[in-house]
Amino acid sequence: MSLFRSTCTVFVILFLVYSSLSNAIRSFPITGDEAEERVSGKTLIRLFDDFDLPRFAEAPEYRNGKECTSNGSSSSFSCDPSHVHISMTLDSEYLRGSMTAIHSVLKHSSCPENIFFHFVASESNSVKPSSLTQHVRSTFPSLNFKVYHFDESHVKTLISSSIRVALENPLNYARNYLADILEDCVDRVIYLDSDIVVVDDIQKLWNIELTKSRVIGAPQYCHTNFTTYFTDDFWFDSSISRVFHGRNPCYFNTGVMIMDLVKWREGNYTEKIEKWMELQKERRIYELGSLPPFLLVFGGDIEAIDHKWNQHGLGGDNVKGSCRLLHPGPVSLLHWSGKGKPWLRLDEGNPCPLDHLWLPYDLYLHNHHRNLLHQDM
């Protein structure tokens, strides 16, 4: 029966998503270092030095509802107090996922013009941050956003090998430095991974209060065997495993978090995370990448958020990437954490059932559109 209910849920969500999608496409000016493409009536912008990046159609333009409050002319200012602040990383490999995630957030937001995206990109990436910036701007011309350059040297020497190479990407660790990267006026932020789709109003997540002295909030999963996230060497050494004494740590996924950056800065939590990463380099105390240091610092002391805000694990396990079903309960955010990514499986013609819930938000112009372009050229 659980499989039947999950399948029914997929079809219901698909019907609601497809029936409400808009096809609005607008044109915009071309600058001197850009080339214009017209594919199936859609206008694209492409930079001359980045022809290998995915090409995206322009997203519909989403506007605030009547109930929204805004400072109007200052909406593009990152310190506007009416903003909902969201931070994501931005790179060429996950660009398609990032574009899809942004689109899903805007589509379901009651006040999309109040959302400000803080993107973190690396200078050592194969594609320049300026090129990634232009791709975001051309796909979402009205989006309030800023791109920050992440110096990977801060973390490269601290990264140890993981069970999957992708987990060793320095940008995975950028969330550790958001309190330093973002302006001091940004006192809290929602951090989102690039392999997510939001199907609810992000304002609801933003409005969740972090009580007591808690620095972060996230859905936590106390039924998971917490001990498996650390090695026997960690648990057998009481001098380090005692970090959890007096705490009741539960697993939480760092791909969806509310972060209080004021408390983070005051508590110098970046340094605390780095110390655990330094210990990992000396003696292997965990197998995964950027998650365990967060568990070590915050496990047992986070604001527990409803599970609907992170239906995670849809990418399957970190080795095989097998298909997964939805967890029981309502859904506000779908998260393809794990090895399998929906855009890759869809392109290969071997998608998992839930990958079809990601597809309606995808703005990527597929190969048959590119073929039309090359025929015209």
Side-chain angles (χ1 to χ4, degrees), residues 33-34 44-47 49-59 76 78 83-106 112 115-156 159 166-183 186 189-198 202 254-257 259 261 289-290 315 333 335-337 341-344 358 361-365:
D33 58 349
E34 298 165 351
L44 289 174
I45 296 298
R46 53 192 293 185
L47 299 177
D49 61 344
D50 286 322
F51 277 73
D52 291 333
L53 279 177
R55 306 299 164 201
F56 302 96
E58 185 179 313
S76 61
S78 61
H83 279 325
V84 172
H85 295 279
I86 298 175
S87 182
M88 300 174 63
T89 58
L90 204 62
D91 68 353
S92 55
E93 184 177 357
Y94 282 82
L95 184 60
R96 187 172 168 188
S98 299
M99 295 296 202
T100 303
I102 299 165
H103 187 200
S104 71
V105 170
L106 296 176
I115 298 174
F116 196 100
F117 281 89
H118 303 264
F119 298 116
V120 182
S122 172
E123 279 286 6
S124 56
N125 193 278
S126 58
V127 178
K128 297 177 182 178
S130 59
S131 299
L132 295 170
T133 300
Q134 183 58 46
H135 272 71
V136 174
R137 183 175 292 116
S138 62
T139 307
F140 303 98
S142 302
L143 188 69
N144 298 316
F145 75 95
K146 181 176 179 180
V147 176
Y148 304 77
H149 294 187
F150 177 56
D151 185 356
E152 292 186 356
S153 64
H154 288 314
V155 73
K156 265 190 172 180
I159 297 175
L167 299 177
E168 301 170 22
N169 186 335
L171 267 181
N172 290 339
Y173 296 83
R175 72 196 84 184
N176 303 0
Y177 300 91
L178 289 180
D180 301 320
I181 295 172
L182 306 189
E183 294 89 338
V186 181
V189 69
I190 296 172
Y191 176 82
L192 297 177
D193 273 350
S194 296
D195 51 2
I196 63 98
V197 156
V198 176
I202 199 70
T254 53
V256 181
M257 296 186 292
M259 307 174 69
L261 299 184
S290 60
L333 184 147
H335 186 187
W336 280 262
S337 57
K341 301 307 173 188
W343 57 91
L344 297 178
W358 180 91
Y361 304 95
D362 183 21
L363 296 168
Y364 174 63
L365 290 173

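Numbers for residues simply follow the sequence, beginning at 1.
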Practice prompt. Please examine the side chains of Ser131 and Gln134, heavy atoms only from C-beta on, and report whether any two atoms are closer than 4.5 Å.
Written response: no
Discussion item. So His118 and Met88, do their side chains get closer than 4.5 Å, heavy atoms only?
Written reply: no
Fill in: Aromatic plane relationship, Phe150 with Tyr177 - under 30° parallel, 30 to 60° tilted, over 60° perpendicular
tilted
Worksheet item: If only atom types and distance count, is the side chain of Lys341 paired as donor or acceptor with the main-chain N or O of Trp336 below 3.5 Å?
Response: yes
Discussion item. Quick one about His83 and Asn144 (side-chain donor to acceptor, distance below 3.5 Å, no hydrogens or angles considered), yes or no?
Written reply: no
Worksheet item: Out of curiosity, Ile115 CD1 to Leu143 CG, how far, rounded to the nearest 0.5 Å?
Response: 8.5 Å
Worksheet item: With Trp343, which of Tyr364, Tyr361, Trp358 fulfils ring pair (Phe, Tyr, Trp, His ring centres under 6.0 Å)?
Response: Trp358
Worksheet entry | Nearest-0.5 Å distance, CE of residue Met259 to OG1 of residue Thr254 | 9.5 Å
Worksheet item: Could you go step by step and tell me if Tyr173 and Glu152 meet the side-chain contact (heavy atoms from CB on, under 4.5 Å) rule?
Response: CA-CA 9 Å; Tyr173 296 83; Glu152 292 186 356; over 6 Å; no
Fill in: Test side-chain contact (heavy atoms from CB on, under 4.5 Å) applied to Val189 and Ile86, step by step
CA-CA 6 Å; Val189 69; Ile86 298 175; 5.6 Å; no
Worksheet item: What closest approach, in Å, do Val120 and Ala174 show between heavy atoms, and which atom pair accounts for it?
Response: CG1-CB, 3.9 Å
Worksheet item: Do any N or O atoms from the side chain of Ser104 and from the backbone of Val198 form a donor-acceptor pair under 3.5 angstrom?
Response: yes
Practice prompt. Taking the side chain as every heavy atom from C-beta outward, state whether Ile159 and Asn172 have any atom pair closer than 4.5 Å.
Written response: no
Item to complete: Please lay out, stage by stage, how Leu363 and Thr100 fare under the test side-chain contact (heavy atoms from CB on, under 4.5 Å).
Response: CA-CA 7 Å; Leu363 296 168; Thr100 303; over 6 Å; no
Discussion item. Let me confirm one number: the OH-CD1 distance from Tyr148 to Ile181, rounded to the nearest 0.5 Å.
Written reply: 9.5 Å
Worksheet entry | Distance-minimising heavy-atom pair for Leu261 and Val186 | CD1-O, 3.4 Å
Worksheet item: Atom OG1 in Thr89, atom CG in Leu171: separation rounded to 0.5 Å?
Response: 5.5 Å
Worksheet entry | Least distance between heavy atoms, His85 atom then Ser78 atom | CE1-O, 2.8 Å
Worksheet entry | Closest non-hydrogen atom pair between Leu95 and Pro54, with its separation | CD2-CD, 4.3 Å
Fill in: Euclidean distance, Ser92 OG relative to His135 NE2, rounded to 0.5 Å
10.5 Å
Worksheet item: Can you list every pair that meets salt bridge (Lys or Arg N to Asp or Glu O under 4.0 Å) and has a residue in residues 169-180, with sequence neighbours left out?
Response: Arg175-Asp193
Discussion item. How close do Leu178 and Ser87 get, counting heavy atoms only, and between which atoms?
Written reply: CD2-OG, 3.3 Å
Worksheet item: Under a 4.5 Å cut-off applied to non-hydrogen side-chain atoms, are Pro141 and Glu58 in contact?
Response: yes
Discussion item. Let me confirm one number: the CD1-CD1 distance from Ile102 to Ile196, rounded to the nearest 0.5 Å.
Written reply: 9.5 Å
Worksheet entry | Ile190 and Met257, any side-chain heavy atoms less than 4.5 Å apart | no
Item to complete: Indicate the atoms forming the closest heavy-atom contact of His335 with Gly255, along with that distance.
Response: CE1-CA, 3.9 Å
Fill in: Side-chain touch Val136/Met99, heavy atoms, less than 4.5 angstrom
yes
Worksheet item: Going by heavy atoms in the side chains, are Leu192 and Phe117 under 4.5 Å from each other?
Response: no
Worksheet item: Aromatic ring centroids of Phe145 and Phe116 under 6.0 Å?
Response: no
Practice prompt. Give the C-alpha distance, both sets of side-chain angles, the deciding distance and a yes or no for side-chain contact (heavy atoms from CB on, under 4.5 Å) between His103 and Phe140.
Written response: CA-CA 9 Å; His103 187 200; Phe140 303 98; 4.1 Å; yes
